[in-house]
Q: 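So that we are looking at the same thing, I have put the structure below in structure tokens.
This is a predicted model, so every value here is computed, not measured. Letters A, B, ... mirror the listed sequences (proteins, then strands); counts begin at 1.
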Amino acid sequence: MNYVIETNNLSKQYGDVHAVQNANLQVNQGEIFGFLGLNGAGKTTTIRMLLGMIRPSEGNVKVLGQALGRGGSGPWAQVGHLVESPSAYPELTVRENLDIARRLYRLKNPKVVDDVMEKLFIASYSKRKAGTLSMGNLQRLGLARAMIHNPSLLILDEPANGLDPAGVVEIRELLSNLAKNGVTVFMSSHILTEVDRIATRIGIIHKGQIIEDLNAEKLEQFRERRLQVKVREFTKAHALLTKENYSAIIHNDSIYISDARALEAPDEIARLLVNADMPPTRLIVEQQDLEEHFMQLTGNTK
Amino acid sequence: MNTFSSALYTESLKAFRSKVPLFTTLGFLIAPLVGGLFMIILKDPEAAKSMGLIGTKAQLTTGTADWPSFFNLLAQAEAVGGAILFAIVTIWVFGREFSDRTVKELLSLPTSREAIVGAKFTVIATWTFFMTVLSFGVGLLVGDAVVIPGWSGELFRSATVDILGAGVLTILLLPLVAFIASSGRGFMPAFGWTIFTVALAQIAAVMGWGGWLPWSIPALFSGAMGPRTESLGIHSYVIVLLASAFGLFITFYWWRNADQTR
């Protein structure tokens, strides 16, 4: 299978420090791959290796089916990127910054500059020098630069940085629409809730190692609501609920039910258990917490 | 639109829009203007004495108010001033990408890194050579306005070789500065390098082995330490060319292969 991004045992070592260790990534077309990790986990080093800015100590990278070569050669005409904090030439206007990006991406039609400014809502700043832009608008300029050539792969490092809440929503919708049109998005973040809202797949990197790959199915589990029931005789209670056609599971001395009818009418569950002389000690509708899962994986607690 | 022309447009626009070309060019024009002032002072010894320090300094460096002395002053300023101001231009063109953290915008593009580095060198060479020619042109106008004796066609041809030659030799040494500005990822290491080489050039020239040190050679070529035939040989020009080629090679190599972490 041809992956849009494929790494094999990708590693980067600085002296005794293993910034990235044996990272194996396979990202499919049209996915929004959220790359999560704490600060210093190895996200940016990995992204720079995906972009040919840093040469791996070991392993290899394929982007759009092409192995990255020496001297940073790669399929960059089809890849847009935003790495770490956005930067622009402060003495140039927004339009000039985008126009030099257009030329460096070897695009002949100057209209693409206007189009991408419209798309990123920075057309009204076109004559402003980049050095006078707010952090949020600088981020938009960085994203505009990454998208000016309509790439089939976007590699974005913390794309929501510096954006106001409305900007975050705009960018989320923009990226979702791009993905629907077949664009693959690889985005890193340490803001879990933001990634959780948009990503179709999540990879978690910790201390340079990829410790979790949550596909769409697993992510859906985290997004599902479920009813947690605590009963003293939970085995008997579980049997009773199963008999009543609830899809109940036992986990850590609790019973979890994800049926819609249980979520809509938890009082029915309570009545059933009380009538069977097994009154619940706890009955609560909860959502599995990706954040808690992340914290447990990375050895942090809430 | 090929990759080099794209990169050249980009680098030219960045250069034109910044204030660095204006300031460095104005800085470089100080030499002919101050030279002209010295000539005015030297034309009238009584006024020179009454000027105190400035008059004494003018007397020490040029001696007489004539075209040979004026051209000699211009050539020395070209060699020493150029070593510093041209280095500032180079440090800005390369070092600003790291200080402004814009270097990542020049990577992972269909335009190759080689085209971008080549465009940067082209802008630096054009810009510094323009400064050399402009300074010489302004010097001719100032000398003409001051009205000093000793002009001849032969002298003009010789001064053109001295001044433009010193400028070109100085420009040829800039790739090493570009490498330090790139590998040092900013301005300061390259500034330190420039100060070091200017100081080393003075010491080497005084000790008599300046003909073997690349950074002494432009000043010796300008006639700062007497006729250049006494201090420079073919080996001197070969050394400058080798230093230039090495600087170009190592800068291109670094941009192609170094990890870019900024």
Side-chain angles (χ1 to χ4, degrees), chain A residues 12 14 19 44-45 47-57 63 68-93 96-109 129-131 141-142 145-146 148-149 151 153 155 157, chain B residues 1-23 92-120 123 182 185-186 249-262:
Chain A
K12 184 66 186 179
Y14 295 104
T44 301
T45 304
I47 280 184
R48 284 184 182 270
M49 286 194 281
L50 297 182
L51 289 166
M53 295 179 186
I54 291 179
R55 189 182 298 176
S57 306
V63 174
L68 300 191
R70 291 176 71 88
S73 62
W76 308 129
Q78 298 168 69
V79 180
H81 68 270
L82 174 68
V83 180
E84 286 187 296
S85 53
S87 53
Y89 294 102
E91 69 275 17
L92 302 185
T93 64
E96 286 169 338
N97 267 287
L98 290 171
D99 193 53
I100 61 173
R102 173 182 75 81
R103 289 169 187 268
L104 293 174
Y105 276 109
R106 304 179 66 188
L107 306 171
K108 288 182 178 163
N109 186 358
K129 289 197 172 174
L141 174 57
R145 194 183 177 287
I148 194 168
H149 53 306
L153 168 63
I155 298 179
D157 196 1
Chain B
M1 187 163 51
N2 64 38
T3 62
F4 182 75
S5 66
S6 301
L8 188 59
Y9 175 87
T10 299
E11 293 305 320
S12 304
L13 183 68
K14 279 150 57 177
F16 275 117
R17 285 283 187 274
S18 79
K19 293 186 173 69
V20 179
L22 178 68
F23 288 142
W92 184 79
V93 168
F94 279 90
R96 65 90 43 100
E97 305 292 359
F98 302 92
S99 296
D100 289 342
R101 294 185 169 265
T102 45
V103 63
K104 56 185 186 280
E105 315 301 347
L106 300 176
L107 308 169
S108 314
L109 293 170
T111 299
S112 69
R113 298 178 189 183
E114 287 83 354
I116 286 164
V117 175
K120 283 183 180 294
V123 165
S182 302
R185 293 182 163 91
F249 169 77
I250 200 165
T251 307
F252 275 100
Y253 182 86
W254 187 88
W255 273 75
R256 184 174 158 80
N257 294 294
D259 282 350
Q260 300 294 346
T261 53
R262 287 217 176 173

Q: Show the numbers, then the answer: is there a side-chain contact (heavy atoms from CB on, under 4.5 Å) between B:Gln260 and A:Ile54?
A: CA-CA 6 Å; B:Gln260 300 294 346; A:Ile54 291 179; 5.8 Å; no

Q: Please round to the nearest 0.5 Å and tell me the distance separating atom CD1 of A:Ile100 and atom CG of B:Leu106.
A: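 Between atom CD1 of A:Ile100 and atom CG of B:Leu106 there are 7.5 Å.
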
Q: By a 4.5 Å heavy-atom criterion (distance strictly below it), what part of A:Arg55 contacts chain B: side chain, backbone, both, or neither?
A: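 Both backbone and side chain of A:Arg55 come within 4.5 Å of chain B.
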
Q: I'd like to check the side-chain hydrogen bond (donor to acceptor under 3.5 Å, both in side chains) partners of A:Asp157; sequence neighbours left out, ordered by chain and number.
A: A:Thr44, A:Ser188

Q: Let me know which of B:Arg96, B:Arg17, B:Lys14 forms a salt bridge (charged side-chain N to carboxylate O under 4.0 Å, His left out) with A:Glu91.
A: B:Arg96

Q: Using side-chain contact (heavy atoms from CB on, under 4.5 Å), reason through B:Tyr9 and A:Asp99 one step at a time and then give a plain yes or no.
A: CA-CA 10 Å; B:Tyr9 175 87; A:Asp99 193 53; 3.8 Å; yes

Q: Should A:Leu51 and B:Leu107 be marked as a side-chain contact (heavy atoms from CB on, under 4.5 Å) after you check the CA-CA gap, both sets of side-chain angles, and the distance that decides it?
A: CA-CA 8 Å; A:Leu51 289 166; B:Leu107 308 169; over 6 Å; no

Q: Applying side-chain hydrogen bond (donor to acceptor under 3.5 Å, both in side chains), can you list everything that pairs with A:Lys12, at least two apart in sequence or on another chain?
A: B:Asp259

Q: Between atom OG1 of B:Thr102 and atom OH of A:Tyr89, what is the distance when rounded to the nearest 0.5 Å?
A: 4.0 Å

Q: Indicate the atoms forming the closest heavy-atom contact of B:Pro110 with A:Ala77, along with that distance.
A: CG-CA, 3.7 Å

Q: Would the distance check show the side chain of B:Ser6 and the main-chain N or O of A:Arg103 forming a donor-acceptor pair, the cut-off being under 3.5 Å?
A: yes

Q: Start with the C-alpha gap between A:Tyr14 and B:Thr261, add the side-chain angles, then the distance that decides, and say whether side-chain contact (heavy atoms from CB on, under 4.5 Å) holds.
A: CA-CA 12 Å; A:Tyr14 295 104; B:Thr261 53; 3.9 Å; yes

Q: To the nearest 0.5 Å, how far apart are CD in A:Glu96 and OG1 in B:Thr10?
A: 11.0 Å

Q: Does any heavy atom of chain B fall under 4.5 Å from the side chain of A:Ala101, the backbone, both, or neither of them?
A: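 No part of it gets close to chain B.
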
Q: Using the test side-chain hydrogen bond (donor to acceptor under 3.5 Å, both in side chains), find all partners of A:Ser87 that sit at least two apart in sequence or belong to another chain.
A: B:Lys104, B:Glu105

Q: Using only non-hydrogen atoms and a strict under-4.5 angstrom cutoff, which residues of residues 250-258 of chain B touch chain A?
A: B:Arg256, B:Asn257, B:Ala258

Q: As an exercise: rank A:Arg145, A:Met49, A:His81, A:His149 by heavy-atom pairs under 4.5 Å with chain B and give me the winner.
A: A:Arg145

Q: Rounded to the nearest 0.5 Å, how far apart are CG of A:Leu104 and OG of B:Ser112?
A: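 Reported to 0.5 Å precision, the distance equals 10.5 Å.
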
Q: Please classify the contact of B:Glu97 with chain A as side chain, backbone, both or neither, using a heavy-atom distance under 4.5 Å.
A: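 The side chain, not the backbone.
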
